[in-house]
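The structure appears below as structure tokens.
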Amino acid sequence: MAELNVNGKKYKVDVDLDTPLLWVIREQVGLTGTKYGCGVGVCGACTVLFEGQAIRSCSLPVSAAIGKKIETIESLEKNGQLSKVQKAWVDKQVPQCGYCQSGMVMATTALLRNNPKPTDAQIDAAVTNICRCGTFQEVRAAIHAVSKA
């Protein structure tokens, strides 16, 4: 039995401690905004915030998450209001297919919390998620829009 802190709520989950955090978030906790992409921590579709840092949840065992603060895409919207990052995503028309976008939004959220005015090089270093639709320029425009607001 493991107790997780996901989006400020405690969840007791009965899983093998080697189970990737991604599957626990989706299957036991029931939050499906975090997506499965590659399963090896490369694509970033599964990105969540772990103690405030963007991590790939598909490659982190649940044992490493016990007692840690985990934030998923579902935590960003508050009282029907999108976060600044989510709003910029809409305003700049970032998503195409949208599959990778929750991971990109989470990586961007972590970046902007730590560096409110990043350069293009800092964005490239922090947001390493893969988008098969190629929305990288729109992502950068959305990040700069938030940093200027």
Side-chain angles (χ1 to χ4, degrees), residues 4-11 13 19-149:
L4 300 177
N5 176 355
V6 181
N7 301 335
K9 293 172 72 175
K10 303 281 186 194
Y11 294 90
V13 294
T19 304
L21 179 60
L22 167 66
W23 296 117
V24 175
I25 290 169
R26 289 183 59 81
E27 303 298 327
Q28 275 68 42
V29 177
L31 299 173
T32 58
T34 305
K35 305 298 184 198
Y36 172 79
C38 66
V40 294
V42 175
C43 77
C46 67
T47 302
V48 298
L49 302 189
F50 182 78
E51 295 289 307
Q53 300 300 311
I55 60 106
R56 310 298 213 238
S57 63
C58 72
S59 57
L60 184 78
V62 74
S63 60
I66 296 171
K68 305 294 184 184
K69 180 181 176 187
I70 302 157
E71 296 173 74
T72 70
I73 188 79
E74 289 89 353
S75 71
L76 298 183
E77 175 271 328
K78 304 281 191 230
N79 301 316
Q81 298 296 312
L82 297 176
S83 72
K84 290 178 183 179
V85 173
Q86 290 171 309
K87 177 117 177 52
W89 244 242
V90 173
D91 292 347
K92 296 297 180 183
Q93 301 179 23
V94 175
Q96 286 190 21
C97 85
Y99 195 83
C100 66
Q101 296 303 311
S102 62
M104 282 213 187
V105 166
M106 296 309 288
T108 297
T109 298
L111 168 64
L112 292 173
R113 284 182 184 173
N114 294 312
N115 182 358
K117 303 218 179 278
T119 65
D120 285 345
Q122 291 167 326
I123 292 168
D124 292 346
V127 184
T128 59
N129 305 54
I130 296 170
C131 174
R132 293 182 61 107
C133 298
T135 65
F136 301 109
Q137 295 304 329
E138 291 82 2
V139 166
R140 184 176 286 141
I143 294 170
H144 285 305
V146 173
S147 70
K148 290 176 186 170

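The first residue of the sequence shown is numbered 1, and numbering continues consecutively from there. All figures in this text were calculated on a predicted structure; none of them were measured in a lab. Any value given below was found using the heavy atoms of this structure, including those in side chains, with hydrogens, waters and symmetry copies removed.
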Inter-residue atom distance Ile66.CD1 - Asn5.CG, 0.5 Å rounding | 12.5 Å

Output all residues satisfying ring-ring contact (aromatic ring centres under 6.0 Å, His included) with Tyr36, sequence neighbours left out; order by chain, then residue number.
-> Trp23

Specify the closest pair of heavy atoms between Lys92 and Ala145, including all atoms of both residues, with the distance to one decimal.
-> CE-CB, 3.8 Å

Sub-4.5 Å side-chain heavy-atom contact between Ser147 and Pro118 | yes

Nearest heavy-atom contact between Pro95 and Trp89 is CD-O, 3.7 Å

Gap between atom OG1 of Thr34 and atom CD1 of Ile70 - 0.5 Å precision = 10.0 Å

Heavy-atom side-chain proximity of Val29 to Thr72 below 4.5 angstrom | no

Between atom SG of Cys46 and atom NZ of Lys35, what is the distance when rounded to the nearest 0.5 Å?
-> 12.0 Å

Closest non-hydrogen atom pair between His144 and Thr119, with its separation = CE1-C, 4.5 Å

Has the side chain of Thr108 got a donor or acceptor atom that lies under 3.5 Å from a matching backbone atom of Val105?
-> no

Provide the closest heavy-atom pair for Gly33 versus Ser102 in the form atom of the first, atom of the second, distance.
-> O-OG, 2.7 Å

Is there side-chain contact between Arg132 and Cys97, with heavy atoms separated by less than 4.5 Å?
-> no

Where the side chain of Thr135 meets the backbone of Glu138, is there a donor-acceptor pair that is under 3.5 Å apart?
-> no

Summary of side chain to side chain donor-acceptor pair (under 3.5 Å) pairs that have at least one residue in residues 40-60, sequence neighbours excluded | Thr47-Asn129, Arg56-Thr128

Smallest heavy-atom separation, Ala54 atom then Ala107 atom, equals CB-CA, 3.9 Å

Provide the closest heavy-atom pair for Leu111 versus Ala126 in the form atom of the first, atom of the second, distance.
-> CD1-CB, 3.7 Å

Val48 vs Ile55 side-chain heavy atoms within contact, under 4.5 Å = yes

Using a cut-off of 6.0 Å, state whether more than 12 heavy atoms not belonging to Gln93 lie near its atom CD.
-> no

Partner set under side chain to side chain contact (heavy atoms under 4.5 Å, CB included) for Asp124, not counting sequence neighbours | Arg140

Taking only residues two or more places apart in sequence or in another chain, which ones pass side chain to side chain contact (heavy atoms under 4.5 Å, CB included) with Thr32?
-> Arg26

Residue pair Val24 / Leu4, side-chain heavy-atom distance below 4.5 Å | yes

Sorted by chain and number, sequence neighbours left out, side chain to side chain contact (heavy atoms under 4.5 Å, CB included) with Glu71 holds for Asn7, Leu49, Lys69, Ser75, Met106, Arg113

Kindly compute the distance separating OG1 (Thr109) from CD1 (Ile73), expressed to the nearest 0.5 Å.
-> 6.5 Å

Distance (rounded to the nearest 0.5 Å) between Lys117 NZ and Gln122 CD | 12.5 Å

Taking only residues two or more places apart in sequence, or in another chain, which ones meet Lys9 in a side chain to side chain contact (heavy atoms under 4.5 Å, CB included)?
-> Tyr11

